[in-house]
Every structure is written in structure tokens, then in C-alpha cells.
Enquirer: 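Below you'll find the structure I mean.
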Amino acid sequence: MSSHSHSSSWTSFLKSIASYNGDLSSLTAPPFILSPTSLVEYSQFWGEHPDLLIAPNFIGDKDSYENAANADEIAQDRIIAVTKWFISTLRSQYCSRNESLGSEKKPLNPFLGELFVGKWGDEKLGETVLLSEQVSHHPPVTAYAIFNDKNNVELQGYNGIRASISTTSINVKQYGHAILKFKNLNEEFLITLPPLHIEGLLVASPFVELEGKSIIQSSSGYISVVEFSGRGYFSGKKNSYKARIFKDKAASSNKENALFTISGQWSGKSQIYQGSSTSSKEFSEFYDANAIEPIHLTVKDISQQNNLESRKAWKKVADAIKLGNYDLIHREKSELEQEQRELRKKETESGIKWETRFFEERDLEDLPEAGKKSDPLIGLSNLANLSRKNVVSGTIRGDKEDKTSSSYIHWRFVRENWDKESEIVV
Ligand code: 0T9
């Protein structure tokens, strides 16, 4: 329990949650629960293990599937490697505020066009670049690309959330997905984002618990189904997961068909077993989140940053949060928000819409299944039997939400825009 749990500011915050109107950013939270970091920064958590992100690139080569006698083995090793990388991102994504700030905190709500860019340097692997951009403010959507040109590896994705309130927790569904491309291998992966809930609100020390699933679908057909559960669920340990690797979506309808089963805690240790059972004594260690520290990207000093860059734009607000000065936080935030409102007003008056910088919306409704004008989501969602609409991440084709939604619009990285960028540098 946090010392703040009985404070009047926390109890009135809990009351404001109870009368929640759908927009989490509108809640006025007490300073101790505010993070000085904007949500646009969270994309970095996909990249804090660059070696694991790039590792699949070194398993087999482009012609593996056509020529190699061990094609199946190569495809399996690759999806296992991608699953390991995915698991390795979760501690950064969902525990890092607890580790560095003592609990989950309410991030700053990014403004439209806000940028967060940086890079991971590595002598052997080459530079891995992060571009993260707030592509929508209402509702909030962040898009990102993380790429390593030396190895022709590119991860891109976008995410937004919808939250609802239950008696003691906040339930969050994620929208969006990630696409991981290995251009040297001619193989790509679709990754769906799991639902989560925020617990510990009553005692003023919130933390995230994952639930449901993430799907990792390879263009090779192989699929990894990652199931999450929290404390008090099947294993009783916090941050538990089970990942099953199947030959394809059809095989995944029966858990017995799992070629490999990985089980443990994503914030701790997990083990990999051959086949569908985890009762065998034959297993090997899969990943130990505490043995491998995340690598933080390097970000330019604020003095070198553009006005659209997150840390520069939010500097005064972040400083006020660090001081815990409620009035100052409020004043600085209002100033930034007022500026944004004026920008939007001017745009409406002049009829010129804000243009996103590195990402564009793409309508997948009438795109071909394959070829240059296609989109990776089309083929990969076919393989995984997932909706290709802009619905809750991981929605199965034919589900209610898939049937009722009419939008096929998704955010995509436009690499050419980065190549011709002259003002923003990493
Ligand atoms: C994408 C991630 C996401 C963003 C955050 C729900 C949440 C905002 C979205 C989903 C990243 O890849 C992964 C990690 C944590 C998620 C955040 C946790 C959280 O609490 C916030 C929400 C908006 C709040 O701040 C709720 C109010 C607060 C009092 C709880 C600490």
C-alpha cells in the first residue's frame, strides 16, 4: 500500500474514475501518480533488445523455404526467435514504470504531431533507429517504426486504447498491431496487442496485468499463440504466460498440436518444452528477463531537439511534475494545450489540415492480396483468420466487432518520408 492511498487527492481521483466518461487523459490525477514521460515515448519499449529483434535474420537465408531440406526447422527456429524477442519486450513495456518510478504512472497525453526519435548503436549489428509519432490526438494514436538498415529489419506498428472501468480496476483494450519484416529473408510477422487491466488503484499503487492473447503470425504459416494470466490465475504467479507454436492456424485449434510450448513468467524466467506438455522434465531455459537488462536508446540533448520533439515540448511540465507542484503542472499543461487549440483553430480557418510526418493512413478495403500495392496485413490476417478491420487488436474474423466495423484504415510507415527528412535527426 502506498502512503498516498488515504490522501484526499487520491480518494477524489478514484471518485473521478468512477464517473469516467471514456477519456482517461481528462482525469485530473494527483501529482504523485503523474509520469513526466509522454506516451509517444512508449514505442521505444519494442526496441530495448536490438540483438533479439534482429536475431531471426541470421537463421537460414532467403532461399531456405524453397531449397533447404530443413525448411521446417528453419521456419520453427525463426518463429521461436521472434517469440523470444516479443517476450523480451514485455518487461520494458509493462514493468518499467514500476521499476523506475515505484508504480505505474499516468503518462503525458501526446499532442498531434509530437515526435520521439532516437537510436541504438551497436558495432556489430549497426544502428537501429526509432521514429515515434503521435498521428492522432482524438482518439490518441501513436505510430512507430524501428529499423536496422544494415540487416534490413523493420518493425512498424501503431496503437491506441479504449478503456472501461470496473469496480476496482481499469480495463484496457488495445487497437493496432505490429508488423515485423525481415527483408533479407522475405519473411514477415504480424503481432497483435493483448488486453490489459490496471490493478492496485485502491491502494494507490497501480500496476498493469496482461490478459487474453497476443498472436504472432508468420508469412511462413507458423503461428505462435501467447496467452497471459496474472496473479491468482492458473499458475498463481504474476505475469505468467504460455506460448504455443503451431504449424499453422488450423493446427492451433487443438492445443495438443503444439510443436513447442513455452511457459513461465515474462517478467522473470520461462522454459521451452518440445510438444504440447509442460510436465516433461526435458526442457531448456527460454528467457530470463532479469538476467538481461534492457538497452536504452540514445536521444539527443534537449538543446538539439526540434520543437515537435517530446522531451523538449514537455520540458516545463515534466519539471513541474518532478517538483510535485500541482499548480505549476496545471499552468504549464494548460499553456501547451492552449497552443495546440490555437493551432487547430488556425488550421480550420485556413482549411489546411495537419499532415503526419512519417506515417500515413492506408485503406485496405480494396487492396490486392499480393504484390506491390498490397499490404502485409492482408495476407497475414488471412493466415491467422484475424479481422483486417480497424478493430480491437486480435479480433477474430466473423466476430461481432469484425462484422459491425466498417473501417479498413490502418497507419503505415512511409520510409521515403524519413529518407527525405531534413529537419529531424536521430
Ligand atoms: C502502448 C503500454 C500502453 C501503450 C499504455 C493504459 C496506459 C496507457 C497505454 C498500452 C505500449 O506499447 C504499452 C503500456 C502501459 C499502458 C498504460 C498503463 C496506464 O495506466 C495507462 C492509462 C492511460 C493510465 O494512465 C490510467 C490512469 C493511472 C492513474 C494509472 C496509473
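Note that the numbering runs from 1 along the sequence shown for the chain. Counting starts at 1 for both ligands and their atoms, in listed order.
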Enquirer: For residues Trp266 and Tyr287, establish whether the separation of their ring centroids is below 6.0 Å.
Expert: no
Enquirer: Go through the side-chain N and O atoms of Ser205 and Ser103 and say whether any donor and acceptor fall under 3.5 Å apart.
Expert: no
Enquirer: Test the Arg78-Tyr222 pair against the cation-pi criterion, namely NZ or CZ under 6.0 angstrom from the six-membered ring centroid and within 45° of the ring axis.
Expert: no
Enquirer: What verdict does the side chain to side chain donor-acceptor pair (under 3.5 Å) test give for Ser214 and Thr192, after you've listed the backbone C-alpha separation in whole Å, the side-chain angles of each residue and the deciding distance to 0.1 Å?
Expert: CA-CA 5 Å; Ser214 264; Thr192 69; 4.5 Å; no
Enquirer: Identify all pairs of nitrogen or oxygen atoms, one from ligand 1 and one from the protein, separated by less than 3.5 Å, and list them with distances.
Expert:
unit_1: ligand 1; atom_1: 12 (O); unit_2: Gln93; atom_2: OE1; d: 2.6

Enquirer: Enumerate the residue pairs fulfilling side chain to side chain donor-acceptor pair (under 3.5 Å) with a member in residues 311-324, sequence neighbours excluded, ordered by first and then second residue.
Expert: Glu41-Arg311, Glu114-Trp314, Asn307-Lys312, Lys315-Asp319
Enquirer: Establish, yes or no, whether a centroid distance under 6.0 Å links the rings of Phe359 and Trp411.
Expert: no
